[in-house]
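Positions are given from 1 along the sequence.
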Amino acid sequence: MTDDLKLETRVRLPDPLRVLLAAYPRDGWTNDPGFDGLIRFWLDRHLMFRRLLSEMTTKSEALLDRKMDPQRFGAVMSRYGGIFVNGLHEHHTIEDTHYFPVLSQKDDRISKGFDILDADHHAIDRHLADFVDHANGTIKTLDHRDRLQSAAGDLHDHLGLLHRLLDRHLTDEEELVVPVILKYGVQI
């Protein structure tokens, strides 16, 4: 895969893969008669992942500003982090094994986009493993305020990177998948 298509460097999907988005622009999705059920559920899951990341970022900022009790932070980060990582793994597994193979057959013009999204999932897995290491490392320092501040700063930086990469992926995925379903429907 070329560097401009890798998740870490991609600005957006190439225009040839956005051909259906031109016919089904984002601002018209909710008014389309095909927008309901699966699309709404799927976009809600994406929103949940974005909100969890934002909440973990906010909590890490509160900890860094010494406005949050370290023990409370550890409990919240463990809970939200577990929901985030496990939910994202489950979500990507379902997409890779079930939805993407079906949707990629709907329109040859955009089928390569699903290969890019699959590669994103593998890249995100590596970043999730790093997130788990950073989060666990931070939680292990809860009783040592100076080390905690340093670890929390590293975690906060990693959350920022993860947020940027996940948002790029989710946006590209939405702009590829939703127009396919609106145009062709989905019998999964």
Exercise for the section: For Tyr24 and Val180, run side-chain contact (heavy atoms from CB on, under 4.5 Å): C-alpha distance rounded to whole Å, both residues' side-chain angles, the deciding distance at 0.1 Å, then the answer. Expected result: CA-CA 9 Å; Tyr24 294 89; Val180 171; over 6 Å; no
Problem - side-chain contact (heavy atoms from CB on, under 4.5 Å) assessment of Thr9 paired with Asp4 - result: CA-CA 6 Å; Thr9 54; Asp4 60 330; 5.6 Å; no
Exercise for the section: Give the intermediate values and the outcome of side-chain contact (heavy atoms from CB on, under 4.5 Å) for residues Leu103 and Phe114. Expected result: CA-CA 8 Å; Leu103 295 174; Phe114 292 97; 3.6 Å; yes
Problem - Stepwise side-chain contact (heavy atoms from CB on, under 4.5 Å) test for Asp130 and Leu161 - result: CA-CA 11 Å; Asp130 288 346; Leu161 171 66; over 6 Å; no
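At a threshold of 4.5 Å between non-hydrogen side-chain atoms, the residues Val76 and Met68 count as touching. You'll find the side chain of Asp96 reaches within 4.5 Å of the side chain of His121, heavy atoms only. A 4.5 Å side-chain heavy-atom check between Arg12 and Glu175 finds every atom pair outside the cut-off. Taking 4.5 Å as the limit, some side-chain heavy atom of Asp15 sits within range of a side-chain heavy atom of Arg18. Between Leu53 and Leu166, some side-chain heavy-atom pair lies under the 4.5 Å cut-off. With a 4.5 Å cut-off on side-chain heavy atoms, Arg10 and Asp120 count as touching. Residues Ile39 and Asp32 have side chains not in contact (no heavy-atom distance under 4.5 Å, counting atoms from C-beta outward). Using a 4.5 Å cut-off on side-chain heavy atoms (C-beta onward), Leu52 and Leu88 make no contact.
Contact check on Glu55 versus Lys59 returns a salt bridge, with a Lys/Arg side-chain nitrogen under 4.0 Å from an Asp/Glu carboxylate oxygen. Here Lys183 does not pair with Asp107 in a salt bridge; the nearest charged N to carboxylate O distance is not below 4.0 Å.
For Arg51, the CZ atom counts as loosely surrounded, since its 6.0 Å shell holds 12 or fewer non-hydrogen atoms of other residues, nucleotides or ligands. More than 12 heavy atoms of other shown residues, nucleotides or ligands fall within 6.0 angstrom of atom CZ in Arg50. Within a 6.0 Å radius of NZ in Lys106, other residues, nucleotides and ligands contribute more than 12 heavy atoms.
Of all non-hydrogen atoms in Leu17 and Arg109, the two that sit nearest each other are CD2-O, 3.6 Å. The shortest non-hydrogen separation linking Thr138 to Leu155 is OG1-CB, 3.6 Å. Across Leu64 and Ala152, no two heavy atoms sit closer than the pair CD2-CB, 3.7 Å. Scanning both residues, Ser78 and Ile139, for their nearest heavy atoms gives OG-CD1, 3.4 Å. Annotation for Pro14 and Leu5: closest pair CG-CD2, 3.4 Å, computed over non-hydrogen atoms. Closest of all the heavy-atom pairs between Glu8 and Ala123 is OE2-CB, 3.7 Å.
With Glu174 as the partner, the salt bridge (Lys or Arg N to Asp or Glu O under 4.0 Å) test is satisfied by one option alone out of Arg45, Arg168, Arg26: Arg26. A ring-ring contact (aromatic ring centres under 6.0 Å, His included) with His91 holds for exactly one of Tyr99, Phe41, Phe49; it is Phe49.
How far CG of Leu63 is from CE of Met77: 8.5 Å, rounded to the nearest 0.5 Å. Atom-to-atom distance recorded for Leu176:CG and Leu20:CG is 7.5 Å, nearest 0.5 angstrom. The distance from the CG atom of Leu21 to the CG atom of Asp172 is 10.0 Å, given to the nearest 0.5 Å. We find the CG-CG distance between Leu43 and Leu38 to be 9.0 Å, quoted to the nearest 0.5 Å. To the nearest 0.5 Å, atom NE2 of residue His134 and atom CG of residue Leu162 are 11.0 Å apart. Gln149 CD to Asp65 CG: the interatomic distance, rounded to the nearest 0.5 Å, is 8.5 Å.
Distance alone, capped at 3.5 Å, is enough to place a donor-acceptor pair between the Ser60 side chain and the Thr57 backbone. Under the 3.5 Å distance criterion, the side-chain polar atoms of Ser111 are matched with a main-chain donor or acceptor of Asp108. Between the side chain of His163 and the backbone N or O of Leu159, no donor-acceptor pair lies under 3.5 Å.
A continuous path of Ile, Leu, Val, Met, Phe, Trp and Tyr side chains, each step under 4.5 Å between heavy atoms, connects Trp42 with Tyr184, placing both in one hydrophobic cluster. Residue Leu182 is grouped with residue Val19 when hydrophobic side chains (ILVMFWY) are merged at heavy-atom distances under 4.5 angstrom, including chains of intermediate members. Connection of Ile124 to Leu47 is not established within any shared hydrophobic cluster, with ILVMFWY side chains joined at heavy-atom distances below 4.5 Å, either directly or through further cluster members.
Taking the six-membered ring where tryptophan is involved, the planes of His169 and His92 are perpendicular, since the angle between them exceeds 60° and thus also 30°. Ring geometry, Phe131 versus His158: the interplanar angle falls under 30°, so the pair is classed parallel (tilted spans 30 to 60°).
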